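Data block below; observations after.
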Amino acid sequence: VVSSTEMLYAYGGARKLEAAKKLFDSMPEQDLVSATAMLTAYATNGHLEGAEMIFLNSMPFHDIVSSTAILSLYAQTSNVVKAWDLYQSMPVYNLATDTSMLAAYTMNGHLDEAKTMFFDMPQRDLVSSTALLAAFAEAGNAKQAETIFKEMPERDLVASTAMLTAYAQAGQLDLAEDIFNSLPDKNLVVSSAMLSAYTQHRQLEHAKKIFDEMPEKNLVCRNAMLNAYAQNGHLEEAAKMFHSMPEHDTFSYTAMLSVCSQAGNIDHAKNLFDQMPRHNVHSWGAMLAIYTQTGHSAHAFDAFYTMKALEP
RNA sequence: GGAGGAAUAUAACU
């Protein structure tokens, strides 16, 4: 059971959900630990139904680790109410549990609840502090983010990235650059954050330089570069970027819809929209912009109401 | 042997 669980964990981390499922189903005995590893594999892939099924049907009982695993998934998938209900029902808490509940707030724009949660927690550490810092960052509150950052006894790359984003959101590009330049080791995430900071401040050349110097690239940083072109009016470069990407997600498509909107190309937009794997408020919002701007008011109303219905 | 934090997209509002 132990070695199979290690394998399960590895499959989960490698996003090999099918392989994980197969292995889990073939295990002669499943225990709470292996079931939690399977739950986490679903969670890593954003698969809420699968994770809930494991949680409800494949666990002899729930401990703090298994409950925290699904709590974290509720946070990621914007299920704040489910997260709170589960959290309430738990007999004991620890730092990871509290931080997951905190993340349910910070990841979904509930800044006031996040603050209350954070200061009511019996313990705080680098991880929980970074969660709140990121919430301040998103709210454009660099001052409060800075307070948290400076009070941290130790900082890591994750915390520094959150602080960089806080400065960028607040329009303090120079301070964001200071953080970036002070880092001895950079990764894909912090470089993407800096890239987007340059995009936001209309410094396309700097954004491109960061992108070109990145030793590894993934979907997120390619989307970020696509948006650097799109948001700075370089429509042809944006299209070229889009077509050169090995894969696309809803972020890539929505960025391209915005390119079509700027180019006034409604037919291409419709094509892209139909190709999208999923539609959400962002894709409908982009279509709304296109319809509004081209005077297709009936379609615009459709898009508007569809969007409203999708809103959480 | 299993759980928590950072980067990318949308009309309007702020």
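Sequence lines set the chain letters: A, B, ... in the order given, protein chains first and strands last, and positions in each chain run from 1. Here the structure is a predicted model, which means the values were calculated and not measured.
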Identify whether any heavy atom of [X] sits under 4.0 Å from a base atom; if not, whether one sits that close to sugar-phosphate; answer base, sugar-phosphate or nothing.
X: A:Asn94; value: base
X: A:Ser100; value: sugar-phosphate
X: A:Leu8; value: nothing
X: A:Ser34; value: base

*asked:* Any heavy-atom pair between the side chains of A:His296 and A:Ile290 that's under 4.5 Å?
replied: no
Give the rounded distance in Å between these two atoms: [atom1] of [X] and [atom2] of [N].
X: A:Leu111; N: B:U14; atom1: CG; atom2: C1'; answer: 14 Å
X: A:His282; N: B:A12; atom1: NE2; atom2: P; answer: 15 Å
X: A:Leu32; N: B:A3; atom1: CG; atom2: P; answer: 12 Å
X: A:Phe24; N: B:G2; atom1: CZ; atom2: P; answer: 15 Å
X: A:Glu138; N: B:U14; atom1: CD; atom2: C1'; answer: 14 Å
X: A:Gln200; N: B:A9; atom1: CD; atom2: C1'; answer: 13 Å
X: A:Arg278; N: B:A9; atom1: CZ; atom2: C1'; answer: 13 Å
X: A:Phe301; N: B:A11; atom1: CZ; atom2: P; answer: 18 Å

Compare the minimum distances between each of [options] and the side chain of [X], then state the nucleotide with the smallest one.
X: A:Leu288; options: B:U8, B:G2, B:A11; answer: B:A11
X: A:Ala96; options: B:U10, B:U8, B:G4; answer: B:G4
X: A:Phe304; options: B:A11, B:G1, B:A3; answer: B:A11

*List the steps and the verdict of ring-ring contact (aromatic ring centres under 6.0 Å, His included) for A:Phe242 and A:Tyr253.*
CA-CA 8 Å; A:Phe242 183 82; A:Tyr253 279 103; 5.5 Å; yes
_Verdict with reasoning, A:Trp284 to A:Phe304, per ring-ring contact (aromatic ring centres under 6.0 Å, His included)_ = CA-CA 7 Å; A:Trp284 280 108; A:Phe304 180 76; over 10 Å; no
Under a single-linkage definition using a 4.5 Å side-chain heavy-atom cutoff for Ile, Leu, Val, Met, Phe, Trp and Tyr, are [X] and [Y] assigned to the same hydrophobic cluster?
X: A:Leu310; Y: A:Leu48; value: yes
X: A:Leu132; Y: A:Leu126; value: yes
X: A:Val2; Y: A:Tyr9; value: no

*Got a donor-acceptor pair under 3.5 Å from the side chain of A:Asp63 to the base of B:G2?*
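Indeed there is one.
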*Residues touching RNA chain B, which here means a heavy atom under 4.0 Å, drawn from residues 241-266 of chain A*: A:Thr250, A:Phe251, A:Thr254, A:Ala255
_If you apply the rule side-chain contact (heavy atoms from CB on, under 4.5 Å), what do you find for A:Met245 with A:Asn223, and how did you get there?_
CA-CA 9 Å; A:Met245 289 168 61; A:Asn223 282 340; 3.2 Å; yes
*Could you give me the CA-CA distance, side-chain angles and deciding distance for A:His234 and A:Glu237, then say whether side chain to side chain donor-acceptor pair (under 3.5 Å) is met?*
CA-CA 6 Å; A:His234 290 239; A:Glu237 299 277 42; 5.2 Å; no
*With no hydrogens and no angle check, do the side chains of A:Tyr11 and A:Glu6 hold a donor and an acceptor under 3.5 Å apart?*
no
Anything under 3.5 Å between a donor and an acceptor, one on a side chain of residues 166-175 of chain A, the other on a protein residue two or more places apart or in another chain? List them.
residue  : atom : partner  : partner atom : Å
A:Tyr167 : OH   : A:Glu146 : OE2          : 2.5

Check the interface with nucleotides 5-7 of chain B: list each N/O to N/O pair with the protein under 3.5 Å, or write none.
residue : atom : partner  : partner atom : Å
B:G5    : O2'  : A:Ala131 : N            : 3.1
B:G5    : N1   : A:Asp156 : OD2          : 2.9
B:G5    : N2   : A:Thr130 : OG1          : 2.7
B:G5    : N2   : A:Asp156 : OD1          : 3.0
B:G5    : N2   : A:Asp156 : OD2          : 3.4
B:G5    : N3   : A:Thr130 : OG1          : 3.4
B:A6    : O2'  : A:Ala162 : N            : 3.3
B:A6    : N1   : A:Asn187 : ND2          : 3.1
B:A6    : N3   : A:Thr161 : OG1          : 3.2
B:A7    : O2'  : A:Ser192 : O            : 3.3
B:A7    : O2'  : A:Ala193 : N            : 3.1
B:A7    : N1   : A:Asn218 : ND2          : 3.3
B:A7    : N3   : A:Ser192 : OG           : 3.2

